[in-house]
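Remember, it's a predicted structure, so these values are computed and weren't measured experimentally.
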Amino acid sequence: MATTRTTAKTPKKTTPDPVEPAPCQPCGGTGNVAITVRVGRKRRPVGQQDGLCLNCLGEGTAPDA
């Protein structure tokens, strides 16, 4: 014969895992994007430099809609 439980079983409290924000698409999560440098009257491209990502404003995380 099985013994009966006199008290109710308390459920275990689980905490949700912390959710990491998604990385920004244009900069890949770095906060920097390549900007083409143009010089001269004909505005010819001579190279690239790092610029601030205007989508996430340098945070590296995808902005909330």
Going by atom type alone, with no hydrogens or angles, which donor-acceptor pairs under 3.5 Å involve a side-chain atom of residues 18-31 and a protein atom two or more places apart or on another chain?
unit_1	atom_1	unit_2	atom_2	d
Thr30	OG1	Cys27	O	3.0
Thr30	OG1	Asn32	N	3.3
Thr30	OG1	Asn32	O	3.2

Less than 3.5 Å apart, which donor and acceptor atoms pair up between the side chains of residues 34-51 and the rest of the protein, not counting sequence neighbours?
unit_1	atom_1	unit_2	atom_2	d
Arg38	NH1	Arg43	O	3.3

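Within the 4.5 Å cutoff, the side chain of Thr61 has no heavy atoms near those of the Cys56 side chain.
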